[in-house]
Amino acid sequence: PQHAAMHDWWLALIASAFGEIDFVPQATVLYRQHIGNQVGAKNVGSLHYNLKQLANHRAVRQSLNAAYVQAEEFLECFSPLLENIHIRVLRDFVGIPSLSKGKRLNTLRKDGFWKSGFLRKCGQLWFT
């Protein structure tokens with residue numbers, strides 16, 4: 001899709017809406033890191049990584065915006081097939097940027113739209 005931020009994010013949305021997401025404890029594919037990778041593995045739990053991210057306001061806002069736009073496209077593509085609860089949650093998420101800071105934070109809390117890890121949650125609170 002045009003507004004899929006990353007293919008794996010898009011596939012995770014499809015799996016969560018129409019199937020199931022589960023943990024597989026063994027590696028099932030080989031993944032090679034190289035200089036040409038678009039994204040690459042990051043240590044999102046490290047203080048250094050998170051401080052570097054917090055300093056890059058523009059990139060953080062672009063990433064959050066990409067998630068909102070992707071969710072909106074997902075809703076447009078699949079709303080006829082989604083359960084009402086999924087539609088409500090997607091509409092809540094897509095609507096976050098138009099809300100006041102207090103209402104954005106309340107929506108994060110109400111729907112559980114939290115990043116994983118303490119430092120990432122702190123950054124989310126700061127930039128949301």
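Note that the coordinates shown come from a computational prediction; the quantities given were computed from them, not determined experimentally. Values reported hereafter were calculated over all heavy atoms of this structure, with side chains retained and with hydrogens, waters and symmetry mates removed.
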message: Grouping I, L, V, M, F, W and Y whenever their side-chain heavy atoms are under 4.5 Å apart, do L75 and W9 come out in a common cluster?
response: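 No, separate clusters.
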
query: Do the side chains of L125 and V60 join up, straight or via other hydrophobic residues, at under 4.5 Å, putting them in one cluster?
result: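 L125 clusters together with V60.
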
query: Taking the inter-plane angle between the rings of F127 and H57 on a 0 to 90° scale, is it parallel (under 30°), tilted (30 to 60°) or perpendicular (over 60°)?
result: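 F127 and H57: perpendicular rings.
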
Is a side-chain donor or acceptor of [X] paired with a backbone partner of [Y] at a separation under 3.5 angstrom?
| X | Y | value |
| --- | --- | --- |
| K101 | T128 | yes |
| S63 | A59 | no |
| E72 | V94 | no |

Interatomic spacing from [atom1] in [X] to [atom2] in [Y] - rounded to 0.5 Å:
| X | Y | atom1 | atom2 | answer |
| --- | --- | --- | --- | --- |
| Q62 | N56 | CD | CG | 8.0 Å |
| D92 | I87 | CG | CD1 | 12.0 Å |
| I14 | L81 | CD1 | CG | 11.0 Å |

query: Looking only at heavy atoms, which two atoms of A12 and I21 are closest? And how far apart?
result: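 What the structure gives for the nearest pair is O-CD1, 3.6 Å.
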
field: Closest contact, heavy atoms only, E73 versus P1
entry: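 For E73 versus P1, the nearest heavy atoms are OE2-CB, 3.3 Å.
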
- request: Would you indicate whether K103, at its atom NZ, is surrounded by more than 12 heavy atoms from other residues, nucleotides or ligands within a distance under 6.0 Å?
  value: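 Not more than 12 within 6.0 Å, no.
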
- prompt: Should we say atom CG of N84 is surrounded by more than 12 heavy atoms from elsewhere, each under 6.0 Å from it?
  reply: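 Not more than 12 within 6.0 Å, no.
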
Results of side-chain contact (heavy atoms from CB on, under 4.5 Å) for [X] - residues two or more places apart only:
| X | result |
| --- | --- |
| K115 | L64, R120, Q124 |
| E20 | D22 |
| A17 | F74, L82 |

- request: Name all residues meeting the ring-ring contact (aromatic ring centres under 6.0 Å, His included) criterion together with Y68; count only those two or more places apart in sequence or in a different chain, and write none if there are none.
  value: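 With sequence neighbours excluded, Y68 shows a ring-ring contact (aromatic ring centres under 6.0 Å, His included) to F93, given in chain and number order.
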
- prompt: In chain order, what residues pass the ring-ring contact (aromatic ring centres under 6.0 Å, His included) check against H3, with sequence neighbours excluded?
  reply: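 For H3 there are no ring-ring contact (aromatic ring centres under 6.0 Å, His included) partners, ignoring immediate neighbours.
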
query: Does any non-hydrogen side-chain atom of I96 lie less than 4.5 Å from one of F113?
result: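 Side chain of F113 against side chain of I96, heavy atoms only: contact under 4.5 Å found.
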
Summary of salt bridge (Lys or Arg N to Asp or Glu O under 4.0 Å) pairs that have at least one residue in residues 50-70, sequence neighbours excluded: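 Residue pairs with at least one partner in residues 50-70: there are none.
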
